[in-house]
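Every value quoted in this text rests on a predicted model; they were computed, and no experiment measured them. The chain is numbered in sequence order, starting from 1.
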Amino acid sequence: MSAPLVIAIDGPAASGKGTLAKRLAAHFGLPHLDTGLLYRAVALTLIDAGTDLGDEAAAARAAAALSAEGLVDPRLRERAMGEAASRVSSVPQVRAALLSWQQRFAAGPEGAVLDGRDIGTVVCPDARVKLFITATPEERARRRHRELAGRGEAAAPEAILADIRARDARDSSRAAAPLMAAQDAVILDTTELDADAAFAEALAIVTRLGGLSRA
């Protein structure tokens, strides 16, 4: 009997990893976890409590107390929350508290799809399939601008690009689980791909590495 299928998907902000993860999970009938929501939920807990995002002890307590119910607040999808999540995610105690949460999710009997920034390197280093999704900062900024505009959130394109570059730098340089491709991950550049083309490429990779059927 083959091991459960765990698909680890990493990549920077607005690379398309979340969309791919959801579509792959639906295709293979697997549970999906957007691990970025965990860090956003920690940040939102601090914000709602009026606590500074730089308070590492408070962030660690919030991470330790996190429950699944805390992942459904629509405010987690707001642009400001992504920046806040990037700040708290650099706290080693926060990452440690959330690591077991993510690993329990991945350990389900049927497998799982997880997307984030350290899934293939730290959370699920033994995942059967590892993808690292990327795109140029300019293309990612254009995508994020379209996404925000679709939700009625006004944001200047140049400000979004600056945010993405800042998040890339912070996520890649942090001491705890920096953003990077696992050595055995397949890198998929989606800069020139629309959502359907990116999914087709990702599906082909997962099918080949996982020994699966496309059906």
Side-chain angles (χ1 to χ4, degrees), residues 4-124 127 131 133 143-144 147-148 150-153 163 167 170-171 174 176-177 179:
L5 175 62
V6 175
I7 303 173
I9 303 179
D10 293 305
S15 59
K17 65 182 183 296
T19 298
L20 285 176
K22 283 184 282 190
R23 292 186 66 173
L24 287 169
H27 181 88
F28 291 112
L30 296 172
H32 165 242
L33 176 63
D34 173 358
T35 64
L37 286 179
L38 304 178
Y39 296 96
R40 286 170 178 248
V42 170
L44 182 58
T45 298
L46 298 182
I47 291 170
D48 282 349
T51 304
D52 190 279
L53 290 173
D55 187 333
E56 295 188 359
R61 289 193 297 270
L66 186 67
S67 67
E69 291 73 21
L71 304 181
V72 297
D73 193 311
R75 293 178 295 167
L76 297 178
R77 299 291 183 181
E78 294 176 358
R79 176 189 170 202
M81 210 53 61
E83 178 70 14
S86 182
R87 290 184 60 188
V88 300
S89 70
S90 66
V91 180
Q93 300 95 314
V94 169
R95 303 200 73 86
L98 296 179
L99 179 58
S100 60
W101 207 104
Q102 297 169 75
Q103 290 179 330
R104 287 195 303 271
F105 184 92
E110 69 271 49
V113 180
L114 295 85
D115 70 269
R117 286 168 173 76
D118 65 342
I119 309 304
T121 55
V122 176
V123 178
C124 300
L131 296 173
I133 312 302
R143 293 173 184 174
R144 182 54 52 82
E147 176 189 348
L148 293 172
R151 297 205 303 256
E153 292 186 49
D163 283 351
R167 288 184 64 184
R170 184 162 52 244
D171 293 343
R174 67 185 177 221
L179 169 66

For Ala84 versus Leu53, what's the shortest heavy-atom pair and its separation? CB-CD1, 3.7 Å

So do Leu5 and Leu30 actually touch side chain to side chain, heavy atoms under 4.5 Å? yes

Closest non-hydrogen atom pair, Val42 against Ala59: CG1-O, 3.6 Å

The reported gap from CG in Leu131 to NZ in Lys17 (rounded to nearest 0.5 angstrom) is 12.5 Å

For Arg40 and Leu76, indicate whether the former's side chain and the latter's backbone hold a donor-acceptor pair under 3.5 Å. yes

Exercise: identify the closest heavy-atom pair between Leu71 and Ala41: CD2-CB, 3.9 Å

Electrostatic pair Arg170-Glu83, nearest N-O below 4.0 angstrom: yes

Just so I know, are the side chains of Arg75 and Asp48 near enough to count as touching, which here means a heavy-atom distance under 4.5 Å? yes

Side-chain heavy atoms of Leu46 within contact of Asp55, under 4.5 Å: no

Minimum heavy-atom separation for Ser89 to Arg174, with atom names? OG-NH1, 3.3 Å

Taking it one step at a time, do Asp115 and Ile133 satisfy side chain to side chain contact (heavy atoms under 4.5 Å, CB included)? CA-CA 10 Å; Asp115 70 269; Ile133 312 302; over 6 Å; no

Return the CD to CG distance between Gln93 and Leu98, rounded to the nearest 0.5 Å. 11.5 Å

So among Leu114, Leu20, Val113, which one has a side-chain contact (heavy atoms from CB on, under 4.5 Å) with Ile7? Val113

The reported gap from CD in Gln102 to CG in Leu33 (rounded to nearest 0.5 angstrom) is 6.5 Å

Rounded to the nearest 0.5 Å, how far apart are CG of Leu148 and CD of Glu78? 10.0 Å

Tell me, yes or no, whether the heavy-atom count around Arg79 atom CZ, taken from other residues, nucleotides or ligands under 6.0 Å, exceeds 12. yes

Note, Arg61 side chain near Thr45 side chain (heavy atom, < 4.5 Å): no

Atom pair OG1/CZ of Thr35 and Arg117 - distance to nearest 0.5 Å: 8.0 Å

Any heavy-atom pair between the side chains of Val123 and Phe105 that's under 4.5 Å? no

Ignoring hydrogens, what is the shortest heavy-atom contact between Gly120 and Asp10? Give both atom names and the distance. N-OD2, 2.8 Å

Quick one: does Pro31's side chain get under 4.5 Å of Glu110's, heavy atoms only? yes

What closest approach, in Å, do Ala64 and Ala97 show between heavy atoms, and which atom pair accounts for it? N-CB, 4.0 Å

Taking the side chain as C-beta and beyond, is there a heavy-atom pair between Leu179 and Pro12 under 4.5 Å? yes

Could you give me the CA-CA distance, side-chain angles and deciding distance for Asp163 and Arg144, then say whether salt bridge (Lys or Arg N to Asp or Glu O under 4.0 Å) is met? CA-CA 11 Å; Asp163 283 351; Arg144 182 54 52 82; over 6 Å; no

Can you tell me how far NZ of Lys22 sits from CG of Asp34, rounded to the nearest 0.5 angstrom? 7.5 Å

With Arg87 via salt bridge (Lys or Arg N to Asp or Glu O under 4.0 Å) - residues at least two apart: none

